[in-house]
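The chains referred to below are lettered A, B, ... by the order of the sequence lines, with proteins before strands, and numbering in each begins at 1. Any value given below was found using the heavy atoms of this structure, including those in side chains, with hydrogens, waters and symmetry copies removed.
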Amino acid sequence: MAKKILIIDDEKDMRVYLSTLFKKAGYEVDSAVNGEEGIRQAKISRPDLITLDVLMPRKSGVKAYQELRQDATLADIPIVILTGLSQQEDFFGAELGSLPRPQAVCDKPIDRDDFLQKVKDILGD
Amino acid sequence: MGDSKANNGRTLIFVICALSATATAATAIGTLPALWLVLCLGIAITLAGLGLLMPRRADALKEKLEQTRRNYKRLFEAVPCYICVLDEQLNILEANTLYQQDFDSNRGTHCYEVCKGRDRACPDCLVAQTFEDGQVHSSEERLNTRDGRALDLVVYSMPVLNDKGQINAVMEVFTDITEVKRLQRQLTLMGRAVAGMAHRIKNILMGLEGGIFVVNTGMESNDNATIEEGWEMVERNVNKVSRLVKDLLFCSKARQPIFKDNVCPQDIAREVHSLFAERSGGDIELHLDLDQEPQCGTFDPDGLANLLSNLMANAIDACRFNDQKSTHHITLRCRQDPQGTCVFEIEDDGPGIPDDVSEKMFEDFFSTKGTEGTGIGLLVVRKVANEHGGKVSFESKLGSGTTFRVTLPAVPNTSTQQEDS
């Protein structure tokens with residue numbers, strides 16, 4: 001059975017792009033337009049990996065990340081952060097506290113092949 | 001210096017000549033009483049000669065002293081810096097004209113009263129430090145002149161010593177570096193803006209690249225829906241580029257406003273409102289509030305559309321990223337008085353603007369949106385308003401929202417246009 005990836009991003013272009021990329025690579029894809037919807041969706045579909053945007057309305061990526069990591073049923077799902085912020089530290093700031101760090105942090109714009117390879121590595125494919 | 005040496009030389013020559021003449025006369029006469037007589041006469045003539053020379057020399061020295069004093073005074077006044085001399089209690093003993101012109105001496109006799117309107121000495125007072133250790137100290141200060149100009153200054157304090165080498169006063173010299181600071185700030189902001197812009201363009205390129213990838217994927221599998229989705233992405237990102245370029249052009253000095261007669265500001269407000277109403281999501285409601293009686297005037301319609309679009313886009317962004325509320329309202333208002341003065345208002349009930357942001361809001365290329373923002377939006381707003389002889393202001397309350405107000409006279413008054421820097 002194909003592994004499932006959940007894309008949480010408020011930018012439609014990003015959702016369409018990543019979803020086409022993952023589907024073409026043989027994955028199943030779900031998507032959500034903000035952090036709130038993303039957490040709801042994650043609880044329903046139990047994805048194998050989540051890609052999470054940082055700057056989003058209705059629950060930012062940082063808040064969504066904190067909730068995903070603190071929810072015992074979702075805490076094990078690997079998370080790839082996609083950020084347009086110039087410094088990765090902007091995401092890892094004090095707000096993350098002692099929570100485990102994400103599996104990967106990728107800069108936007110993405111390098112398509114590198115990004116896909118990173119996702120495959122995390123999923124063990 | 002040269003005059004003094006010449007006078008001394010002349011005096012010496014005179015004394016030598018008088019004594020030589022006396023000695024010669026005494027030798028020629030040859031007798032002892034005559035010798036004594038001639039010698040006394042010679043001494044008398046010498047003393048009389050010296051007595052004649054001394055007052056002249058004293059006058060010359062006095063004049064020289066005055067001249068030096070005048071030169072120093074001239075220098076004191078001519079230096080393009082604020083200079084004051086202070087005693088240990090920080091009383092101003094002397095100040096140059098520039099200092100007296102720009103700082104209000106009616107406020108008191110102390111430097112902290114005159115320069116800063118304070119009632120006690122400043123913490124880390126440079127003058128006190130110089131009185132204490134006799135060293136030169138410096139710092140950067142921001143002071144307000146009596147006519148309300150804020151100046152960035154480099155301040156030096158240095159000891160003024162008496163003949164015994166003791167400090168009997170301290171001189172403060174203030175050099176105006178406001179323009180340097182402004183350019184420095186502008187360069188920093190511009191650097192940040194260029195970096196931000198490069199990132200924004202990269203993001204748009206990724207959107208285009210993504211769109212092409214989606215179109216190709218759709219074509220490979222003959223999937224029309226995917227092709228259509230990809231093509232929409234391409235179109236959206238082409239629009240983003242075109243918007244960015246348009247904003248940049250609006251900011252540039254080269255772009256001249258095109259004023260047209262019989263332009264109705266209400267029509268422009270209506271157009272911008274409908275444009276954003278199509279785009280904004282369901283969580284943000286856009287309202288349009290117009291006068292009953294529209295009035296036409298002379299405006300730059302493209303400029304006004306751009307101005308309103310930027311303010312609307314900012315209001316939408318403020319509401320979109322507000323975690324405190326799930327629904328928001330934005331009202332675009334247009335009011336005109338009988339004289340034709342037009343007031344646009346864009347009111348949102350978003351998070352409001354913190355004080356530290358509002359201070360920098362109209363600085364060139366300032367943005368709160370990280371790499372998503374270019375800082376161009378408010379520059380465009382300010383430029384277009386200036387071109388119309390109008391002004392931009394805003395009111396904001398944290399947690400309640402922000403209202404931007406643009407007031408424009410009906411006929412552009414070019415004499416009040418500010419040069420766009």
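Looking only at heavy-atom pairs under 4.5 Å with chain A, the residue among B/Cys319, B/Gly230, B/Gly210 that has the most is B/Gly210. Among A/Asp10, A/Asp13, A/Thr20, the residue making the largest number of heavy-atom pairs under 4.5 Å with chain B is A/Asp13.
Of residues 111-125 of chain A, those residues with a non-hydrogen atom less than 4.5 Å from any non-hydrogen atom of chain B are, in numerical order, A/Arg112.
When heavy atoms are compared at a cutoff of 4.5 Å, A/Lys24 approaches chain B solely by way of its side chain, counted from C-beta outward. Interface remark: A/Leu21 contributes backbone and side-chain atoms alike to the contact with chain B (heavy atom separation under 4.5 Å). When heavy atoms are compared at a cutoff of 4.5 Å, B/Glu209 approaches chain A by way of both its backbone and its side chain.
Between A/Asp53 and A/Ile8 the shortest side-chain heavy-atom distance does not fall below 4.5 Å. Between A/Leu99 and A/Gln66, the closest side-chain pair of non-hydrogen atoms falls below 4.5 Å. Residues A/Val33 and A/Arg15 meet the side-chain proximity criterion, which asks for heavy atoms closer than 4.5 Å.
A/Gln103 contributes a side-chain N or O that, together with a main-chain N or O of A/Ile79, makes up a donor-acceptor pair within less than 3.5 Å.
Evaluation of the ring pair (Phe, Tyr, Trp, His ring centres under 6.0 Å) rule for B/Phe394 yields B/Phe404 as partners, not counting sequence neighbours.
For the atom pair CZ (B/Arg382) and CG (B/Leu307), the distance works out to 12.5 Å, reported to the nearest 0.5 Å.
Judged by distance alone, the side chains of B/Asn314 and B/Asn310 never bring a donor and an acceptor atom under 3.5 Å apart.
Ring orientation note: the planes of B/His287 and B/His329 are close to parallel, at an angle under 30° on the 30°/60° scale.
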